[in-house]
Amino acid sequence: MLKKRIHILSGLAIVFSFVACSKSGSGSDNDSNHLFSANDKTPPEVLIFTPSAGQVFSNGSTINMTGRITDDLGLYRGTIKIVNEATGNTIMLQSYEIHGLRLYNFNISHPVSVTTSADYTVTVSFEDHGANAVSKSVLVKVNP
């Protein structure tokens with residue numbers, strides 16, 4: 001069954017699509033909605049459309065993160081985050097649990113505020129039900 005939920009976080013509208021799946025066995029595992037697939041040997045594919053590598057943003061502007069995540073047998077979970085490279089601080093983290101979808105398009109915006117120039121890394125990480133994981137990153141700059 002497909003459910004849609006809309007969450008508003010820091011003025012951002014993020015749409016999630018979830019497809020429930022079940023875990024075979026005794027059900028004693030804490031992650032009762034996860035179905036591990038030992039036959040799944042191919043990791044998901046992550047494409048980041050925006051931002052582009054080396055893109056420069058101004059203080060108060062918004063980093064728009066768009067892209068596509070695909071998997072041949074179905075996605076499981078992942079994150080999209082922005083990290084300040086100078087401090088190591090995560091300034092934005094969005095977690096996903098998307099069972100069974102083979103394609104997921106993401107579109108997230110995050111406003112940035114700096115007092116000095118900073119390099120930020122946007123990273124999209126995802127795994128499928130075979131525990132195959134992939135991570136792609138783009139380095140951008142934010143100027144005051």
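Side-chain atoms are counted along with the backbone in the values below, which use heavy atoms only and exclude waters and symmetry mates. Just so we're clear, the structure is a prediction, and the values are computed from it rather than from any experiment.
When atom types are taken as modelled, the side chain of Thr70 and the backbone of Leu103 share no donor-acceptor pair closer than 3.5 angstrom. The backbone N or O of Met92 lies less than 3.5 Å from no partner atom in the side chain of Thr90, so there is not a single donor-acceptor pair. In this structure a side-chain-to-backbone donor-acceptor pair under 3.5 Å is missing from Thr62 to His110. With hydrogens and angles disregarded, a donor-acceptor distance shorter than 3.5 Å links the side chain of Asp40 to the backbone of Thr42. Of the possible donor and acceptor atoms, none in the side chain of His129 sits under 3.5 Å from a partner among the backbone N and O of Gly74.
Contact between Val114 and Tyr120 at its shortest, heavy atoms only, is CG1-OH, 3.3 Å. Taking all atoms of both residues into account, the shortest heavy-atom contact from Leu75 to Pro44 is CD2-CB, 3.9 Å. The nearest pair of heavy atoms linking Ile63 to Pro51 is CG2-CG, 4.1 Å. Nearest heavy-atom pair across Val46 and Val134 is CG2-CG1, 3.5 Å.
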Candidate pair Ile98 and Tyr76, rule side chain to side chain contact (heavy atoms under 4.5 Å, CB included), full reasoning: CA-CA 5 Å; Ile98 305 171; Tyr76 172 35; over 6 Å; no
Chi angles and distances behind the side chain to side chain contact (heavy atoms under 4.5 Å, CB included) call for Lys81, Gln94: CA-CA 6 Å; Lys81 66 180 177 178; Gln94 179 61 54; over 6 Å; no
Test log, rule side chain to side chain contact (heavy atoms under 4.5 Å, CB included), inputs Asn107 and Met65: CA-CA 6 Å; Asn107 184 353; Met65 296 157 282; over 6 Å; no
Val124/Ser135 under side chain to side chain contact (heavy atoms under 4.5 Å, CB included): CA gap, chis, key distance, verdict: CA-CA 6 Å; Val124 180; Ser135 186; over 6 Å; no
Derivation and outcome, side-chain hydrogen bond (donor to acceptor under 3.5 Å, both in side chains), residues Thr79 and Ser95: CA-CA 4 Å; Thr79 60; Ser95 297; over 6 Å; no
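Here the CZ atom belonging to Phe126 is positioned 9.0 Å from the CZ atom belonging to Phe106, to the nearest 0.5 angstrom. To the nearest 0.5 Å, atom CG of residue Asp71 and atom CD of residue Glu127 are 10.5 Å apart. To the nearest 0.5 Å, the span separating OG1 on Thr121 from CD1 on Ile91 amounts to 10.0 Å.
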Let me check something: any side-chain donor-acceptor pairs from residues 137-144 under 3.5 Å, sequence neighbours excluded? List them with distances.
{"unit_1": "Ser137", "atom_1": "OG", "unit_2": "Thr123", "atom_2": "OG1", "d": "2.8"}
{"unit_1": "Lys141", "atom_1": "NZ", "unit_2": "Asp119", "atom_2": "OD1", "d": "2.9"}
{"unit_1": "Asn143", "atom_1": "OD1", "unit_2": "Ser117", "atom_2": "OG", "d": "2.8"}

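Taking 4.5 Å as the limit, some side-chain heavy atom of Val83 sits within range of a side-chain heavy atom of Glu85. Leu47 places a side-chain heavy atom less than 4.5 Å from the side chain of Glu45.
Contacts of Asn84 classified as side chain to side chain donor-acceptor pair (under 3.5 Å), with partners at least two apart in sequence or in another chain: none.
With ring centers used as reference points, Tyr96 lies under 6.0 Å from Tyr104.
In this structure, Ile69 is not a member of the same hydrophobic cluster as Leu73, with clusters built from ILVMFWY side-chain heavy atoms closer than 4.5 Å.
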